[in-house]
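Naming: A, B, ... by sequence-line order, numbering from 1 per chain. Below, each value reflects all heavy atoms present in this structure, side chains not excepted, and no hydrogens, waters or symmetry copies.
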Amino acid sequence: MIKITFPDKSVREYPKGITGIDIAQSLSSQLARDVLSITVNNQLWDVTRPINNDASIKLHKWDDEEGKHAFWHSSAHLLAETLETIYPGTKFGIGPAIENGFYYDIDTGDNVVIKESDLPEIEKKMLELARTKNDFIREEVSKANALKYFTQKNDEYKIELINDLEDGTITLYKQGNFTDLCRGPHLPNTSPIKAIKLLSVAGAYWRGDEKRKQLTRIYGISFPKQKMLDEYLILLEEAKKRDHRKIGKELELFTFSQKVGQGLPLWLPKGAALRERLENFLKKVQRDHDYQQVITPHIGQKELYVTSGHYAKYGQDSFQPISTPAEGEEFLLKPMNCPHHCEIYKSKPRSYKDLPIRLAEFGTVYRYEQSGELHGLTRVRGFTQDDAHLFCRNDQLKDEFKKVIDIVLYIFRTLDFKDFTIQISLRDKENHEKYIGSEENWEKAESAIIEACAEKELETVIEYGEAAFYGPKLDFMVRDAIGRKWQLGTIQVDYNLPERFDLEYMGSDNQKHRPVMIHRAPFGSMERFVAVLIEHTAGKFPLWLTPEQAVILPISEKYNDYAKKVLKLLNNYDIRAVLDDRNEKIGKKIRDNELKRIPYLLIVGEKEMELQHIAVRKQGEGDKGSMKIEEFANFVNSEVDEILKSSI
RNA sequence: GCCGAUGUAGCUCAGGGGUAGAGCGUUUCCUUGGUAAGGAAGAGGUCACGGGUUCAAUUCCCGUCAUCGGCUCCA
């Protein structure tokens with residue numbers, strides 16, 4: 001007998017060689033049906049694999065990440081098996097489970113191209129194969145045998161993967177006629193896979209290396225029940241409805257013009273109004289935290305970026321320098337604001353008493369993003385950072401850093417991003433050529449961030465290799481209303497640029513010292529932030545931000561004059577109101593303006609005109625009754641004040 | 001940049017070797033209506049751009065550009 005310890009620390013005895021599924025069966029037959037994988041002594045196992053020694057275990061069902069993982073991983077194998085049936089000779093790369101579903105990277109050779117229109121047929125065949133209820137059979141093999149099998153199969157990708165593995169750790173999984181190199185775990189058999197949707201076909205470089213062959217990647221998702229797939233597809237539809245590119249067009253927030261150039265957003269009046277309000281909000285927060293606004297030009301001499309190191313790092317694949325006709329001077333469109341801000345710092349001698357100096361600018365920068373990378377407002381070639389650079393003494397660094405964290409958290413609270421993760425992005429120590437600056441500076445910068453986060457008791461994850469080339473970062477990722485993750489704000493500690501720009505201050509010891517810099521942008525960029533805000537709110541912006549807070553709807557043209565009077569009064573109260581005086585019935589006007597996501601619809605007709613009232617209808621909620629104009633104005637204004645105040 | 005797909009009216013989209021269609025929007029007229037679509041008439045298109053094949057190309061072929069799904073990259 002062996003002792004099995006459960007997550008609640010209870011211990012039961014089972015015969016040696018018991019499997020996860022048998023353990024589940026001993027607890028309840030329902031559990032035996034639901035269990036998908038098992039963790040045995042912190043290793044993920046198949047539920048059919050015999051356990052021969054005392055162990056602590058955890059059974060995973062669909063609700064656990066580990067359970068879904070096994071389910072989707074098995075689905076990937078099923079996809080591969082299907083592809084091998086339909087397209088014999090296909091070579092296989094990797095086929096993992098991902099956050100939502102799975103994919104398989106394949107090489108179909110030069111003569112076969114799999115198109116999106118082929119996916120339904122593959123799906124159908126997959127479901128047929130799933131129903132044959134083939135077992136997933138795990139087999140431990142020697143490296144030599146593994147190599148032999150895939151050599152005979154002529155699959156160079158698997159051979160390459162095996163060559164990187166240690167002998168004695170290699171396992172194969174077989175279901176039906178398909179055998180794959182795989183660590184597992186898998187479902188007992190294919191039958192739980194009841195609903196499958198193949199979502200897209202894409203190119204993907206072998207092992208993520210753009211110098212290597214591009215394989216065909218097929219993305220898919222699968223579920224144990226058709227209903228779950230239907231729900232997932234509805235969620236995808238919902239995401240599509242929230243797409244900021246679609247809503248941006250509908251609400252006339254921004255546009256692009258081929259003539260102006262790809263990746264160069266044009267902010268329309270309503271979008272500009274929204275953005276301006278965000279900027280003013282942040283400016284006020286920064287004023288309260290003793291930041292000073294500065295303004296710098298959109299170009300700078302090439303030399304400036306040679307000094308900063310940006311030219312060496314990014315110059316080759318950037319917008320090429322602009323030259324002047326006579327002197328042949330070279331300028332770059334600024335890709336960053338920091339060098340300009342460093343020069344502002346240098347514009348006069350600084351004393352230790354002056355520090356910290358906090359220079360803020362909504363600085364527009366231009367970066368040559370690869371054409372295939374451009375995406376709506378989230379990835380563009382010209383964008384405005386809500387940038388600031390804080391120059392401080394070493395002894396002030398941690399405190400300054402913590403204050404910036406406070407600002408970022410305040411902004412997230414105010415904008416109703418409740419769910420976010422914080423990532424400490426450190427350098428990859430193996431890869432020195434990616435970074436500039438001394439080992440010592442990096443150590444100092446990285447520990448400053450780690451300590452500041454610890455003191456603020458932030459829950460963080462550390463990612464190596466994610467640092468900027470000049471320093472480590474703290475990155476903020478928000479989860480939006482339908483659960484998608486977006487990277488927004490960033491705070492970076494930098495000992496390197498102060499050195500490169502030879503920044504100094506006079507210390508209390510009458511000696512020159514080097515300040516340390518913090519780069520920070522709570523929104524990241526205005527473009528990206530507005531995009532995320534659109535998707536988070538589905539275009540239903542909070543009252544304090546929305547371009548139009550209220551629309552006045554006269555019942556008929558007879559009341560247009562009264563409506564104009566209401567409009568004027570509301571505008572005098574600083575309410576952003578507009579008038580819909582089209583010759584349409586009230587039902588039509590309500591429908592159209594609800595679709596425009598305007599928070600308040602104000603209906604005026606005979607009754608309202610007599611009482612000098614407005615009938616208030618709240619978007620999405622309906623009739624709120626009639627009230628005096630002043631009363632409504634005060635109500636709206638106090639609601640706005642409340643939002644901004646309550647989040648402090 | 002790479003792989004694949006797409007590009008038809010302001011928007012969403014149908015069509016297809018014989019120079020174009022719907023709905024919404026827009027304009028005009030009728031209607032003056034009380035909480036999610038009143039009616040009628042009209043305007044609006046070099047079918048992304050440039051080549052080629054053809055008696056004839058928006059349709060087929062090639063190239064370019066842009067967009068979309070990914071990959072790589074992201075100061």
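- Put simply, the side chain of A:R379 and the base of B:rC73 share a donor and an acceptor less than 3.5 Å apart.
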Considering only nitrogen or oxygen atoms on both sides, find all protein atoms under 3.5 Å from nucleotides 10-14 of chain B and state each distance.
| unit_1 | atom_1 | unit_2 | atom_2 | d |
| --- | --- | --- | --- | --- |
| B:rU12 | OP1 | A:K249 | NZ | 3.4 |

Under 3.5 Å, N/O pairs linking protein and nucleotides 39-46 of chain B:
none

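- The side-chain contact (heavy atoms from CB on, under 4.5 Å) test applied to A:Q214 returns A:Y205, not counting sequence neighbours.
- Remark: A:H375 is not in phosphate contact with B:rG70, judged by side-chain N or O atoms under 4.0 Å from OP1 or OP2.
- Counting only Watson-Crick and G-U wobble pairs whose two key distances fall under 3.5 Å, RNA chain B forms stems of three or more stacked pairs at B:1-7 with B:65-71, B:10-13 with B:21-24, B:26-30 with B:38-42, B:48-52 with B:60-64.
- Contacts between residues 255-271 of chain A and RNA chain B, defined by a heavy-atom separation under 4.0 Å, are made by A:Q258, A:Q262.
- A search for side chain to side chain donor-acceptor pair (under 3.5 Å) contacts involving A:T490 returns A:D475, A:Q492, not counting sequence neighbours.
- With sequence neighbours left out, the side chain to side chain donor-acceptor pair (under 3.5 Å) criterion links A:K302 to A:E330.
- Using modelled atom types and a 3.5 Å distance limit, the side chains of A:W206 and A:E160 yield a donor-acceptor pair.
- The side chain of A:R582 places no N or O atom within less than 4.0 Å of a non-bridging phosphate oxygen (OP1 or OP2) of B:rU27.
- With sequence neighbours left out, the side chain to side chain donor-acceptor pair (under 3.5 Å) criterion links A:K213 to A:D107.
- Contacts between residues 605-615 of chain A and RNA chain B, defined by a heavy-atom separation under 4.0 Å, are made by A:G605, A:E606, A:K607, A:E608, A:A615.
- Interface residues of residues 205-222 of chain A facing RNA chain B, ordered by number: A:Y205, A:G208, A:E210, A:Q214, A:R217, A:Y219; criterion, heavy-atom separation under 4.0 Å.
- For A:F331, there are no ring-ring contact (aromatic ring centres under 6.0 Å, His included) partners, not counting sequence neighbours.
- In this structure A:R591 satisfies the side chain to side chain donor-acceptor pair (under 3.5 Å) test with no other residue, sequence neighbours excluded.
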